[in-house]
Amino acid sequence: MNISKEELESYWKNGFLVQNSLFSIEDTQQLIDSLTEFAKQTLPGHVSENGSSIYRAFHGCHLYDETYDALIRKPELLQPARQVLKDEVYIHQLKVNLKHAFSGDLWPWHQDYIYWRNEDKMPTNALVNVMIFLDDVTEFNGPLYFIPGSHQYGCIEVSKGNSSGGWEDNVSASLTYQVAEEQVSSLVNQGGLFSAKGKKGTAIWFDGNLVHASPQNISPFQRRIVILTYNAVSNSPLDQNIVARPDFLNARARQPLRERLSGVLSDMENN
Ligand code: SIN
Ligand code: MN
């Protein structure tokens, strides 16, 4: 389950790592099956597209759904997360981003860690994102764009945009902390652009300071992805003195995650 030394080196250099078809079609299908149920419910972690009732994202699915709870404990994810962070890990945030056919909106240029630093008082960028494709992601259905190497510049200080103050602004098409166009141009001049495409079941790891964005989905194909953010246990937010954001954005369960044992072994453990 470990990733190789070469893969790790490539992750540090570029700020991301692609693992094609890490999960089987069957595994992926289980994650998709739950989405129909989520869509029927009105839950606090559900977010709609601006000015529309179409769902844009479901947050914190592992907190109420067995399949997503099993996902965060999969050795294929836990082990590389520990390797990258050199620590035990827990899930700070999990979301399913749905980019509907014809209507899925864009994500402006941004980094992720600045949100967790400013909103949750997370001390450092000792975290790693991994996204899992629930659909084939192509050049047509709104793939993420990465600027390779941009994580090496650390957290780029940007002013807070037109925010109403609600957490929804941090996940909407008019994001709170955006990287300015001049800065994006200069970073792209140096690192170029990478479009995160792949088959359903592909996993892509990326650094919390990697500059990224994604365009609208005007194609007839939906683009659904899960993004898990593993945080190092030693990097838990210092949020005691602030009104902490909801559990589905800033997890309170900060104990080291363990692989889920199945079958005989787990039965034995339960006895
Ligand atoms: C993100 O930046 O967190 C999500 C981007 C996307 O879903 O396209
Ligand atoms: Mn992001």
Side-chain angles (χ1 to χ4, degrees), residues 15-16 18 31-32 35 38 45-50 54-61 91-120 122 125 127-148 150-151 153-156 158 161 163 167-179 183-184 187 193-198 200 202-219 221-231 245 248-250:
F16 63 91
V18 180
L31 295 165
I32 295 171
L35 298 181
F38 302 167
H46 285 14
V47 179
S48 300
E49 297 287 7
N50 281 342
I54 295 176
Y55 281 133
R56 173 176 175 84
F58 301 137
H59 287 79
C61 311
I91 287 288
H92 176 64
Q93 206 176 87
L94 175 148
K95 62 230 174 205
V96 178
N97 284 352
L98 311 151
K99 221 184 235 194
H100 284 278
F102 297 112
S103 59
D105 214 345
L106 57 80
W107 289 79
W109 289 105
H110 68 282
Q111 296 174 302
D112 288 342
Y113 171 60
I114 192 166
Y115 291 88
W116 299 319
R117 185 194 72 177
N118 291 6
E119 307 295 327
D120 303 329
M122 189 181 283
N125 183 37
L127 53 91
V128 61
N129 291 308
V130 56
M131 62 177 164
I132 296 156
F133 294 171
L134 302 185
D135 293 300
D136 291 347
V137 179
T138 69
E139 62 270 48
F140 303 115
N141 59 354
L144 270 85
Y145 298 162
F146 292 152
I147 307 180
S150 53
H151 64 303
Y153 295 87
C155 189
I156 300 167
V158 297
S163 169
W167 65 266
E168 290 87 348
D169 289 342
N170 299 331
V171 292
S172 75
S174 36
L175 284 180
T176 313
Y177 304 103
Q178 299 186 24
V179 179
Q183 200 120 32
V184 170
L187 289 167
L193 277 172
F194 178 85
S195 152
K197 299 184 287 189
K200 174 192 282 217
T202 290
I204 302 188
W205 301 83
F206 64 101
D207 189 284
N209 279 330
L210 190 73
V211 178
H212 60 284
S214 70
Q216 284 181 328
N217 182 10
I218 57 168
S219 83
F221 313 113
Q222 58 189 331
R223 189 230 64 181
R224 296 163 299 182
I225 60 177
V226 191
I227 305 185
L228 300 86
T229 303
Y230 286 101
N231 191 23
R245 298 197 299 168
F248 55 80
L249 295 174
N250 173 3

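We count ligands from 1, going down the list as the structure has it; atoms in each ligand are counted the same way.
Ring-centre distance between His212 and Tyr145: not below the 6.0 Å cut-off. In this structure, Phe140 has its ring center at least 6.0 angstrom away from the ring center of Phe221.
Atoms of ligand 1 lying under 4.0 Å from at least one heavy atom of His212, given by number and element, are 1 (C), 2 (O). Interface atoms of ligand 1 facing Ile225, defined by a heavy-atom separation under 4.0 Å, are 7 (O).
Between His110 and ligand 1, at least one pair of N/O atoms sits closer than 3.5 Å. In terms of N/O distances under 3.5 Å, ligand 1 is not approached by Lys95.
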- Starting from the C-alpha separation in whole Å, work towards a yes-or-no answer on side-chain hydrogen bond (donor to acceptor under 3.5 Å, both in side chains) for Thr202 and Lys197. CA-CA 9 Å; Thr202 290; Lys197 299 184 287 189; over 6 Å; no
- Begin with the C-alpha distance, continue with both residues' side-chain angles, and end with the deciding distance and a verdict on salt bridge (Lys or Arg N to Asp or Glu O under 4.0 Å) for Asp135 and Arg224. CA-CA 6 Å; Asp135 293 300; Arg224 296 163 299 182; 2.8 Å; yes
- Where do Ile204 and Asn129 land on the side chain to side chain contact (heavy atoms under 4.5 Å, CB included) test, with the steps shown first? CA-CA 8 Å; Ile204 302 188; Asn129 291 308; over 6 Å; no
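Only the side chain of Arg223 comes within 4.0 Å of ligand 1, counting heavy atoms alone; its backbone N, CA, C and O stay farther away.
Counting only non-hydrogen atoms, the option in Tyr115, Trp107, Tyr145 that gets closest to atom 5 (C) of ligand 1 is Trp107.
Residues Arg56 and Glu49 are paired through a salt bridge, judged by an N-O separation under 4.0 Å between the basic side chain and the carboxylate.
Trp107 and His110 have tilted rings, their planes meeting at an angle from 30° to 60° on a 0 to 90° scale. Aromatic ring pairs are classed by plane angle as parallel below 30°, tilted from 30° to 60° and perpendicular above 60°; the pair Phe38 and His46 is tilted.
Excluding waters, the set of protein N, O or S atoms lying under 2.8 Å from the Mn ion (ligand 2) comprises His110 NE2, Asp112 OD1, His212 NE2.
Checking each of Leu31, Ile32, Val137, Leu134 against Lys200 for a side chain to side chain contact (heavy atoms under 4.5 Å, CB included) leaves exactly one that passes, namely Ile32.
Side-chain contact check for His92 versus Asn250: some heavy-atom pair is nearer than 4.5 Å.
Among protein heavy atoms, atom 3 (O) of ligand 1 sits closest to Ile227 CD1, 3.9 Å. For atom 4 (C) of ligand 1, the closest non-hydrogen atom of the protein is Asn97 ND2, 3.1 Å.
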